[in-house]
Engineer: 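Next up is a structure, given as structure tokens.
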There are 2 protein chains.
Amino acid sequence: MRTITIKDIARELNLSTSTVSRALRDSSEIGIETKKRVLELAQRLDYNPNPVALSLLSSQSHDIGVIVPEIANPFFAIVIAGIEDVAFAQGYHVVIYQSHEDYEREVLNVKHISNRRKDGLLVSIATATKDYSHFKSLHERGFPIVFFDRICDEIDTHKVLVDDFEGAYSATEHLIKQGCERIFHVAGPDHLLISRRRLHGYRAALLDYGKPIQDDWVVSSAYNANNSLEVARELLAKPERPDGIFASSDNIAIGCHAAIIEAGLSMPDEIALIGFSDLPISALLNPPLSSVAQPAFEMGRSAAELLINLIKNPGKYTTPISNVLKTSLMARKSSLRNVSVE
Amino acid sequence: MRTITIKDIARELNLSTSTVSRALRDSSEIGIETKKRVLELAQRLDYNPNPVALSLLSSQSHDIGVIVPEIANPFFAIVIAGIEDVAFAQGYHVVIYQSHEDYEREVLNVKHISNRRKDGLLVSIATATKDYSHFKSLHERGFPIVFFDRICDEIDTHKVLVDDFEGAYSATEHLIKQGCERIFHVAGPDHLLISRRRLHGYRAALLDYGKPIQDDWVVSSAYNANNSLEVARELLAKPERPDGIFASSDNIAIGCHAAIIEAGLSMPDEIALIGFSDLPISALLNPPLSSVAQPAFEMGRSAAELLINLIKNPGKYTTPISNVLKTSLMARKSSLRNVSVE
DNA sequence: TTGAAAGCGCTAACAT
DNA sequence: ATGTTAGCGCTTTCAA
């Protein structure tokens, strides 16, 4: 697997490597004739500069690292597509890392990213993470970081998120307007900010509409369908069932959806259901799942733009931006009862 | 962002860099005392070897590249999890590339992988790819490649796949045994081997059971639910509807599922449906989707093992292995009619 | 047991 | 307009 280097070209053309290097980078101080000869040979030999050497020289890799909990979660897959969209156009390559919701793994990922001289980091933190020092020390060393979705409030850098409170509020409001009286919330893990904000939105809506707030109407689930399926089964087995459920994510909602069907209950009449994120699959369920749509692709784009900005202006202190994106309510059959128009 | 190098340690300890290097690698020719001092200081300074320098030196990156069409496809996400499982344990890092089913993109990915001195490549080819020369030239230069799932027959290297023919055969057989008479097949794109093999399995089963084979009972769809939803809508609008559908993948089946519900047809009584892959979501649909399960995680593990083997034994010619994994039929409500037991 | 020097591929002063 | 030299961080002969 011998690869062509600048040396090969120099030898063949009886030039020094620096001349070749300059010719290749189209430097103005190289003779037009020489330039042509170099370019032609490079072309013929299929010369490719060795990025590793470049990286060693410049301490830049033109790679940006992205840590997400799971790529299998379509929400993150779409965010990544948005990130790649911007990064690719700017000449950066996106290296994807999965924390698998595990703290140790996340720490390892961060270490890898820092050691491998990635130019920056985009991250949505793992459920298990309660200590943020691995991010903090990186940030303090001046390493460009942007948080998205599952952000960390303790670190003063750019963030991209949606208005979780408002999204949750409108989802709950929607259930209220559909005539639901016993609205439960299947929340995400407590310590994640998004879980708490969505919970607060749920509570605020109930409060505003004069509905009782019952602590035992809120149960918690991991952000995946397997876990929520179990949680929902228990919920539905209780004597006092909900007649409406707001799930903290679509994955959670999908588990609830399956549990409701399994229990032989009708949706939305006996139980109305709404999720959060509007995954592509949601509209294809039976009945189609209502959800609070998040602009995942746009979130990825925005995060990448902010990060690249940070990378290109090193040291320059810029006030951290928190870009809060809008959600929109997608009301579908899983929650739309035949009530008088709102 | 100054980072600690071997030089810093050498200076501080009044040693040469080579001594430090040797001490760090626990060379036997270094005094026990010196070793201790070096190790301690390295620890205290949080020294991390620069992998970029190592990579330039050794032409190895300890990275392996994986190209998949889309990480948003849960099948590939699971395969990747399997790959990471093996790679991680062997000290390799997995760099994920998406072709987005696009040929140009795939070529770029291959180029990146080769330029960046990745140690090997695992790949499942894009739908749009009809020319394999980018893989061929890499392979001819001795670069380790293993294909999985969407393999390329023209290149003589390790492959990991499932028995698509048999899986498709048993799915079709299952529909026949459920009493279906008009079994349609929503196939994948023609030129993909997996599509063709599944189509052949479908045909073979019909033939064996003395059922007619009708060309217009086979329609083609991209491997995603959006496209298959449209295809299925057309199918169901025709005067002579199917009473059974075998879809070439679960994503395709999910679109069909939604179309069948949308058309108000009952599943499995009016139309029985079965897919291929058994994605995690499939069992959660309403009605739950029957499918041919593929061991995706195992496929990833096997592919990674074969690749690392190839990497560790460079040049050594080994007869290419095709590891064909078993599928298993998951019969669920979308196809299970109340017929006498098979 | 340790050090000096060369080199991986490339670029950027600093010559000429 | 082109060449020489040094160096990015590290390992590895070769010397001592």
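Values below: all heavy atoms of this structure, side chains included; hydrogens, waters and symmetry mates excluded. Every chain is numbered from 1, with letters handed out A, B, ... down the list of sequences.
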Engineer: How long is the line joining CD1 of I9(B) and C1' of dG9(D), in whole Å?
Structural biologist: 12 Å

Engineer: Between S18(B) and S21(B), do the side chains contain an N or O donor and an N or O acceptor separated by less than 3.5 Å?
Structural biologist: no

Engineer: Could you state the NZ-P distance from K35(B) to dT2(C), rounded to the nearest angstrom?
Structural biologist: 10 Å

Engineer: Say you draw a straight line from CD of E154(B) to NZ of K136(B); how long is it, rounded to the nearest 0.5 Å?
Structural biologist: 4.0 Å

Engineer: Just to confirm, is there a sub-4.0 Å distance from OP1 or OP2 of dG3(C) to any side-chain nitrogen or oxygen of S16(B)?
Structural biologist: yes

Engineer: Would you please indicate if the ring centroids of F88(B) and H93(B) are separated by under 6.0 Å?
Structural biologist: no

Engineer: When all nucleic acid strands are considered with a 4.0 Å heavy-atom cut-off, which category describes T34(A): base, sugar-phosphate, or nothing?
Structural biologist: sugar-phosphate

Engineer: Measure CG/D8(B) against P/dC10(D) and give the value in whole Å, please.
Structural biologist: 9 Å

Engineer: Report the distance from atom CG of L13(B) to atom P of dG3(C), rounded to the nearest whole Å.
Structural biologist: 10 Å

Engineer: dT2(C) C1' sits how many Å from E33(B) CD, rounded?
Structural biologist: 15 Å

Engineer: Nearest 0.5 Å please: distance from the CG atom of L41(A) over to the NZ atom of K36(A).
Structural biologist: 14.0 Å

Engineer: Describe, as an angle rounded to 10 degrees, how the axis at the first end of the helix from dT1(C)-dA16(D) to dT16(C)-dA1(D) is tilted relative to the axis at the last end, five pairs per end.
Structural biologist: 60°

Engineer: Can you check the R22(A) CZ to dT11(C) C1' distance for me, whole Å?
Structural biologist: 9 Å

Engineer: Can you find a side chain N or O atom of S18(B) that sits less than 4.0 Å from OP1 or OP2 on dT11(D)?
Structural biologist: no

Engineer: Taking S137(A) for the side chain and S133(A) for the main chain, is one N or O donor matched with an acceptor at less than 3.5 Å?
Structural biologist: yes

Engineer: Tell me if a side-chain donor or acceptor on S61(A) pairs with a main-chain N or O of R117(A) at a distance below 3.5 Å.
Structural biologist: yes

Engineer: Working to the nearest 0.5 angstrom, can you tell me the gap between I321(B) CD1 and E305(B) CD?
Structural biologist: 10.5 Å

Engineer: Could you list, one pair per line, each protein nitrogen or oxygen that sits under 3.5 Å from a nitrogen or oxygen of nucleotides 8-10 of chain C, together with the distance?
Structural biologist:
unit_1: dC8(C); atom_1: OP2; unit_2: K7(A); atom_2: NZ; d: 2.9
unit_1: dC10(C); atom_1: OP1; unit_2: Y47(A); atom_2: OH; d: 2.5
unit_1: dC10(C); atom_1: OP1; unit_2: N50(A); atom_2: N; d: 3.2
unit_1: dC10(C); atom_1: OP2; unit_2: I6(A); atom_2: N; d: 2.6

Engineer: Quick check: closest heavy atoms across N115(A) and P51(B), and the distance to 0.1 Å?
Structural biologist: O-CD, 3.3 Å

Engineer: Quick one: label N14(A) by what it contacts on the DNA or RNA (base, sugar-phosphate, nothing), any heavy atom closer than 4.0 Å.
Structural biologist: sugar-phosphate

Engineer: Pairing donors with acceptors under 3.5 angstrom, does anything connect the side chains of E84(B) and H100(A)?
Structural biologist: yes

Engineer: To the nearest angstrom, how far is K36(A) atom NZ from dA1(D) atom P?
Structural biologist: 17 Å

Engineer: Take atom CD of E29(A) and atom P of dA15(C), then tell me their distance rounded to the nearest Å.
Structural biologist: 15 Å

